[in-house]
Asks: 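I have a structure here, written as structure tokens, and I will follow up with some questions on it.
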Amino acid sequence: MLRLNHVQKAYGTPEQPIPVLHDISIDVADGEFCAILGPSGSGKSTLLNIIGVLDHPDAGEIELGGVPIDFGSATEAARLRNQLLGFVFQSFQLLPRLTAWENVALPLLYRGTPRPERKPRALAMLDRLGLGERVHHLPAELSGGQRQRVALARALIGDPKLVLADEPTGSLDSVTAAEVLQLLRQLNRDFGVTLLMVTHDRGLAEACDRSIEILDGRVVSDVRRDG
Ligand SMILES: Nc1ncnc2c1ncn2[C@@H]1O[C@H](COP(=O)(O)OP(=O)(O)OP(=O)(O)O)[C@@H](O)[C@H]1O
Ligand SMILES: [Mg+2]
């Protein structure tokens with residue numbers, strides 16, 4: 001599904017590079033629920049942004065579904081983001097003036113799905129995530145956990161091959177965070193979607209099938225658990 005070969009990334013200037021990712025090689029199988037664990041500043045978001053084709057590596061290669069990503073092509077990047085990837089962020093990133101269902105339907109709009117098809121699909125996805133009663137609410141009228149469910153529905157509506165989640169429970173209290181994690185697990189099982197979740201929370205990482213720990217831009221451990 002996803003293969004990283006010797007990925008490197010530095011910020012700063014060519015004269016004074018600040019290395020962030022040193023030499024990351026990871027293989028994520030189809031259907032895996034995998035956590036990337038590491039402390040603040042270890043390079044987790046940088047790594048996730050590169051996998052999400054929001055940023056490019058300085059060296060190394062990334063394959064998505066067996067095909068190397070062409071980081072030089074903006075149209076290709078947009079196509080991958082739109083058709084193969086789903087994104088979930090700590091801060092939800094919902095559009096405040098759109099209702100829950102309109103937020104969920106956005107990726108379909110970008111793909112050119114006709115409007116009569118968009119609404120029923122968004123409603124069905126929200127229903128599936130237990131938000132059938134809240135489809136016409138604005139994000140401000142929803143709780144944090146409900147907002148994250150809307151964001152998850154938006155990530156899943158395009159039937160992505162890989163969902164990338166950056167601290168998806170980071171702005172939730174521990175009870176709601178546990179619920180969202182449970183939901184991610186269920187989505188992984190029911191939709192068979194491959195999930196890569198970044199977290200600094202060891203407890204959350206240990207609830208995943210696999211946790212890859214990074215420290216200072218290097219993989220320091222890679223543990224698989226029986227699901
Ligand atoms: N655009 C940028 N320009 C320069 N340095 C950056 C940039 N983005 C990140 N960095 C630096 O790269 C390092 C890794 O950042 P990154 O955001 O990947 O960490 P993280 O593991 O996601 O941390 P957190 O848990 O706090 O989100 C940090 O030292 C950060 O300051
Ligand atoms: Mg981060």
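This structure is a prediction, so every number in the text was calculated from the model and none was measured. The figures here come from the full heavy-atom set of this structure, side chains too, leaving out hydrogens, waters and symmetry mates. Just so you know, ligand 1 is whichever comes first in the structure, and atom 1 is the first atom listed for that ligand.
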Asks: Check whether any protein heavy atom sits under 4.0 Å from atom 4 (C) of ligand 1.
Replies: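 There is a protein heavy atom less than 4.0 Å from atom 4 (C) of ligand 1.
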
Asks: Tracing side-chain links under 4.5 Å among I, L, V, M, F, W and Y, which residues wind up in one group with Tyr110?
Replies: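 Result for Tyr110 is Leu95, Leu98, Leu106, Leu109.
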
Asks: At a 4.0 Å threshold, what atoms of ligand 1 neighbour a non-hydrogen atom of Ser42?
Replies: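 Under 4.0 Å from Ser42, ligand 1 has these atoms: 19 (O), 21 (O).
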
Asks: Between His200 and ligand 1, which residue portion shows a heavy-atom distance shorter than 4.0 Å: side chain, backbone, both, or neither?
Replies: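 Within the 4.0 Å criterion, His200 makes no contact with ligand 1.
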
Asks: Hey, does Gly41 come in under 3.5 Å of ligand 1, counting only N/O atoms on both sides?
Replies: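 The answer is yes, given that Gly41 and ligand 1 share an N or O pair closer than 3.5 Å.
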
Asks: Closer than 2.8 Å to the Mg ion (ligand 2), what protein N/O/S atoms do you find?
Replies: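 Less than 2.8 Å away from the Mg ion (ligand 2) sit Ser45 OG.
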
Asks: Determine the sole option in Leu164, Ile51, Asp166, Ile26 for which the side-chain contact (heavy atoms from CB on, under 4.5 Å) test with Ile36 is passed.
Replies: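 Filter result, single survivor: Ile26.
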
Asks: When you look at Val219 and Ile24, which way does the side chain to side chain contact (heavy atoms under 4.5 Å, CB included) test go after all the steps?
Replies: CA-CA 6 Å; Val219 174; Ile24 304 271; 4.1 Å; yes

Asks: Out of all atoms in ligand 1, which are within 4.0 Å of some heavy atom of Pro39? Include the element for each.
Replies: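 Listed by number with element, the hits are 21 (O).
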
Asks: Please state which protein non-hydrogen atom is closest to atom 1 (N) of ligand 1 and give its distance, to 0.1 Å?
Replies: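 Looking only at protein heavy atoms, the one closest to atom 1 (N) of ligand 1 is Tyr11 CE2, 3.6 Å.
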
Asks: Should Val20 be counted as touching ligand 1, given the test is an N or O pair under 3.5 Å?
Replies: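 No, since none of the N or O atoms of Val20 sits under 3.5 Å from an N or O of ligand 1.
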
Asks: How about atom 31 (O) of ligand 1: does it have a protein heavy atom within less than 4.0 Å?
Replies: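 Within 4.0 Å of atom 31 (O) of ligand 1, no protein heavy atoms are found.
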
Asks: So which heavy atom in the protein is nearest atom 26 (O) of ligand 1, and how far is it from that ligand atom?
Replies: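 Its nearest protein heavy-atom neighbour is Ser40 OG, 2.5 Å.
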
